[in-house]
Each structure stands twice: as structure tokens, then as C-alpha cells.
J.: 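There's a structure below that I have some questions on.
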Amino acid sequence: EADACLPISAATGMHVGKIIRPDLKIGVGWGRTLWESLAYMSAETAPRMSVVSLLGGITKAKHFNPAEFAWRFSSLFKAECYMMTAPAIVDSAQTKTALIDRCGLKDVFDRVSSLDAVLISVGDMASESTPYRYEFISEEVRKSMVDEGAVGEFLFNYFDVQGRPIRNSIDDRVMSAPPESIANCPERIIASGGVRKSLALLGALRAIKPTTFITDIHCAKKVLDLAG
């Protein structure tokens, strides 16, 4: 299977250029596809535009840190950036509560409910996927979620093929926008592809019902086949 990331990234960058406008409030996730899309976006000034990071960061990176996407994205448009300055997964529910209530992240979470648009990617449950390859999430937890029917995740929110949430042991420790906020946002953009992700993307389409879905033709055909 050819690498679908670059053509999807190119299409994503071009689509983003069409929606940028003054006063836009957009939330963004992170990942390789979104990171690569930066190369296909033209810098411009969008007055009063704001960018909200929808997911915390990672502490181990190799060639680049995809969690920097929100900052790089906002810089292109000279927009205000509200960063989720915490690890994507913290050690306890108490730590998450403390970071939100006492360490300045409440403003970021509050802004999520009033966004005009969100731009996210979707991950699958394969052991070679980034969260499991770099052990952000243990193999034990990954296997337990697969056993419960999980087919994929967005912003570390897990779901089954029908788009229903999968409860798991990290739910209360994930520093990310709640799935209902994503689903309720007026403009919802998913940018992901590759045949391997087709089942995950079918679940994500059902969970989020995106207004725009950017993928490759092989993945799109497979998703349609799976949907029946």
C-alpha cells in the first residue's frame, strides 16, 4: 500500500486555506498527516483568529514533535494560540482536575465549547501506530480496548465501529477535548487515510459525522465497502 499521508496532507492544506477567515475559532489535533499539511498552507493574516489545541503533548519525539502542530498552525495565520500545555495522558484523574482547575487549562477547555471548526486526524488500533509504538499507551491497555470492541480513536477518545464510545482505564486521565464537543462543533474536518485505517475511519464517521472528510481513494472505497 502506497503512503497516503502526503496527498491527504496536501488536500488538507488546500482545504484549510479556503476556510481561514477573520474571527475564526478553530480547534486542532495533531499527528503526522496534520503536521505534513503545514507545507501546503499559505501564510496570511486572519484578524482575531484563534487556534485551540485539542490534545496535550508527548514527551518523546524523534524527527519532530507533532504536538507542536497547533503552535506552527497559528503562526502561519498570526492567530492567538491556546495550548494544551500538559501531557496527553497524565498519571491520575486528580492530576487532570488539578491541571484544569488550578494550572490555567480551564480557559482552554472552556474555549472548546464555542469553536467554529475542528481539524483532527484518526488513529487505528494497530500495535505499530504511534501511541503504542512509543508506549504512550501500554500494550495491555491497547489489547483490553480491542477486546472491548475499539476500532480507533480521535484525540485518545476511543470508539467502536458504530461510533459508540469505549470506556477504558485512561478515560479519566486523557487531556483532550471531550468527544461531544467535537461532534457538536459546526464545522468538523477529519483528515486521515490509508486502507489500514478504514475500520477506524468508519467508526469515526459515525461518531463525529464530519462536514468534511479528507482521505485517499483506496481508503474511501474500503470504508464504503465496510459500511455496506
Side-chain angles (χ1 to χ4, degrees), residues 23-31 34-35 46-62 64-123 129-132 134-138 140-142 144-145 148 150 152-159 165-189 204 207-208:
D23 299 303
L24 176 69
K25 295 177 289 186
I26 183 170
V28 298
W30 51 256
L34 298 186
W35 179 269
R48 301 173 304 281
M49 176 179 164
S50 60
V51 178
V52 177
S53 173
L54 299 174
L55 178 66
I58 58 176
T59 56
K60 179 180 179 181
K62 192 173 182 181
F64 60 86
N65 186 342
E68 293 180 5
F69 174 74
W71 175 250
R72 297 290 183 91
F73 180 85
S74 65
S75 297
L76 278 173
F77 307 107
K78 297 181 175 60
E80 289 186 321
C81 186
Y82 298 87
M83 297 290 292
M84 188 82 71
T85 50
I89 303 173
V90 295
D91 63 342
S92 68
Q94 291 77 18
T95 297
K96 177 177 180 177
T97 299
L99 287 169
I100 294 172
D101 292 344
R102 300 198 293 273
C103 298
L105 291 182
K106 186 176 186 301
D107 183 43
V108 177
F109 277 87
D110 287 346
R111 289 176 181 275
V112 169
S113 62
S114 60
L115 294 171
D116 300 311
V118 291
L119 171 63
I120 63 172
S121 58
V122 171
S129 294
T130 300
Y132 321 114
Y134 289 109
E135 299 180 343
F136 307 146
I137 296 173
S138 72
E140 179 184 3
V141 171
R142 186 193 71 84
S144 71
M145 288 191 285
E148 291 295 323
E153 54 81 20
F154 59 90
L155 308 175
F156 289 168
N157 296 303
Y158 288 81
F159 51 84
I166 297 290
R167 292 290 301 172
N168 58 78
S169 60
I170 67 169
D171 269 353
D172 296 331
R173 300 189 287 120
V174 173
M175 300 296 296
S176 74
E180 57 271 19
S181 295
I182 303 302
N184 291 332
C185 187
E187 189 165 3
R188 304 171 301 283
I189 306 162
I208 303 171

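Below, all heavy atoms of this structure are taken into account, side chains as well, without hydrogens, waters or symmetry copies. No experiment lies behind these values; they were computed from the predicted model shown.
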J.: Quick one: pull up CD1 in Ile170 and CD1 in Ile89 and give me the separation to the nearest 0.5 Å.
T.: 4.0 Å
J.: Which is it for Leu54 and Val112 under the side chain to side chain contact (heavy atoms under 4.5 Å, CB included) test, yes or no, and what are the steps along the way?
T.: CA-CA 8 Å; Leu54 299 174; Val112 169; 4.0 Å; yes
J.: Arg142: which residues meet the salt bridge (charged side-chain N to carboxylate O under 4.0 Å, His left out) condition with it, sequence neighbours left out?
T.: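 Listed in chain order: Glu139.
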J.: Give me each pair satisfying ring-ring contact (aromatic ring centres under 6.0 Å, His included) with a member in residues 75-120, each pair once, sequence neighbours excluded.
T.: Phe73-Phe77
J.: Could you list the residues that satisfy side chain to side chain contact (heavy atoms under 4.5 Å, CB included) with Pro87, not counting sequence neighbours?
T.: Val90
J.: With sequence neighbours excluded, tell me which residues meet side chain to side chain contact (heavy atoms under 4.5 Å, CB included) with Arg102.
T.: Ala98
J.: Start with the C-alpha gap between Ile182 and Ile120, add the side-chain angles, then the distance that decides, and say whether side chain to side chain contact (heavy atoms under 4.5 Å, CB included) holds.
T.: CA-CA 9 Å; Ile182 303 302; Ile120 63 172; 4.2 Å; yes
J.: Which residues satisfy the salt bridge (charged side-chain N to carboxylate O under 4.0 Å, His left out) test with Asp172, sequence neighbours excluded?
T.: none
J.: Kindly compute the distance separating CG (Leu76) from CZ (Arg72), expressed to the nearest 0.5 Å.
T.: 9.5 Å
J.: Enter the distance from Phe156:CZ to Ser176:OG here, rounded to the nearest 0.5 Å.
T.: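 Rounded to the nearest 0.5 Å, the CZ-OG separation comes to 8.5 Å.
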J.: For Ile166 and Glu153, run side chain to side chain contact (heavy atoms under 4.5 Å, CB included): C-alpha distance rounded to whole Å, both residues' side-chain angles, the deciding distance at 0.1 Å, then the answer.
T.: CA-CA 10 Å; Ile166 297 290; Glu153 54 81 20; over 6 Å; no
J.: Which heavy atom of Arg48 sits nearest to which heavy atom of Asp23, and what is that distance?
T.: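 Heavy atoms only, the tightest pair is NE-OD1, 2.6 Å.
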J.: Answer yes or no: is there a donor N or O on one side and an acceptor on the other, between the side chain of Asn157 and the main chain of Ala177, under 3.5 Å?
T.: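 Looks like yes, one N/O pair under 3.5 Å.
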J.: Under 3.5 Å, is there a donor-acceptor pair between the side chain of Trp30 and the main chain of Gly56?
T.: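 Yes, Trp30 side chain to Gly56 backbone: donor-acceptor pair under 3.5 Å.
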J.: Please report the shortest heavy-atom distance between Ala207 and Ala183, naming the atom on each side.
T.: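 So the minimum-distance heavy-atom pair works out to O-CB, 4.0 Å.
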J.: Within a strict 4.5 Å, meaning less than it, do heavy atoms of the Pro165 and Phe159 side chains meet?
T.: no
J.: Starting at OG of Ser53, measure out to CG of Leu105 and round the result to the nearest 0.5 Å.
T.: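 One gets 9.5 Å once the value is rounded to the nearest 0.5 Å.
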J.: List the atom of Ala79, the atom of Val51, and the distance in Å for their closest heavy-atom pair.
T.: CB-CG2, 4.1 Å
J.: Could I get the full list of salt bridge (charged side-chain N to carboxylate O under 4.0 Å, His left out) partners for Arg173, not counting sequence neighbours?
T.: none
J.: Restricting to non-hydrogen atoms, name the atom on Leu34 and the atom on Ser121 that form the minimum distance, rounded to 0.1 Å.
T.: CD1-N, 4.2 Å
J.: Kindly state each residue pair satisfying salt bridge (Lys or Arg N to Asp or Glu O under 4.0 Å) with at least one member in residues 75-91, sequence neighbours excluded.
T.: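 Residue pairs passing salt bridge (Lys or Arg N to Asp or Glu O under 4.0 Å), neighbours aside: none found.
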J.: Checking Thr97 now: which residues fulfil side chain to side chain contact (heavy atoms under 4.5 Å, CB included) with it, not counting sequence neighbours?
T.: Asp101
J.: Check side chain to side chain contact (heavy atoms under 4.5 Å, CB included) between Pro178 and all other residues, then give those that pass, not counting sequence neighbours.
T.: Glu180, Ser181
J.: Could you check Leu55, Leu99, Thr85, Val108 and say which one makes a side-chain contact (heavy atoms from CB on, under 4.5 Å) with Met175?
T.: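 Among Leu55, Leu99, Thr85, Val108, the one that satisfies the side-chain contact (heavy atoms from CB on, under 4.5 Å) with Met175 is Leu99.
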J.: Look only at the side chain of Arg188 and the backbone of Ile208, and say whether a donor-acceptor pair between them is shorter than 3.5 Å.
T.: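 Side chain of Arg188 to backbone of Ile208, a donor-acceptor pair under 3.5 Å: yes, one is there.
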J.: Can you list the residues that meet the side chain to side chain donor-acceptor pair (under 3.5 Å) rule with Ser129, with sequence neighbours excluded?
T.: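 Side chain to side chain donor-acceptor pair (under 3.5 Å) check on Ser129 returns Asp124, Arg196.
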J.: Shortest non-hydrogen contact from Pro179 to Phe154?
T.: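 Reported closest heavy-atom pair: CB-CZ, 3.7 Å.
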J.: How far does CZ of Arg167 sit from OH of Tyr158, to the nearest 0.5 angstrom?
T.: 14.0 Å
J.: Working to the nearest 0.5 Å, report the span between CG of Asn168 and CD of Glu148.
T.: 9.0 Å
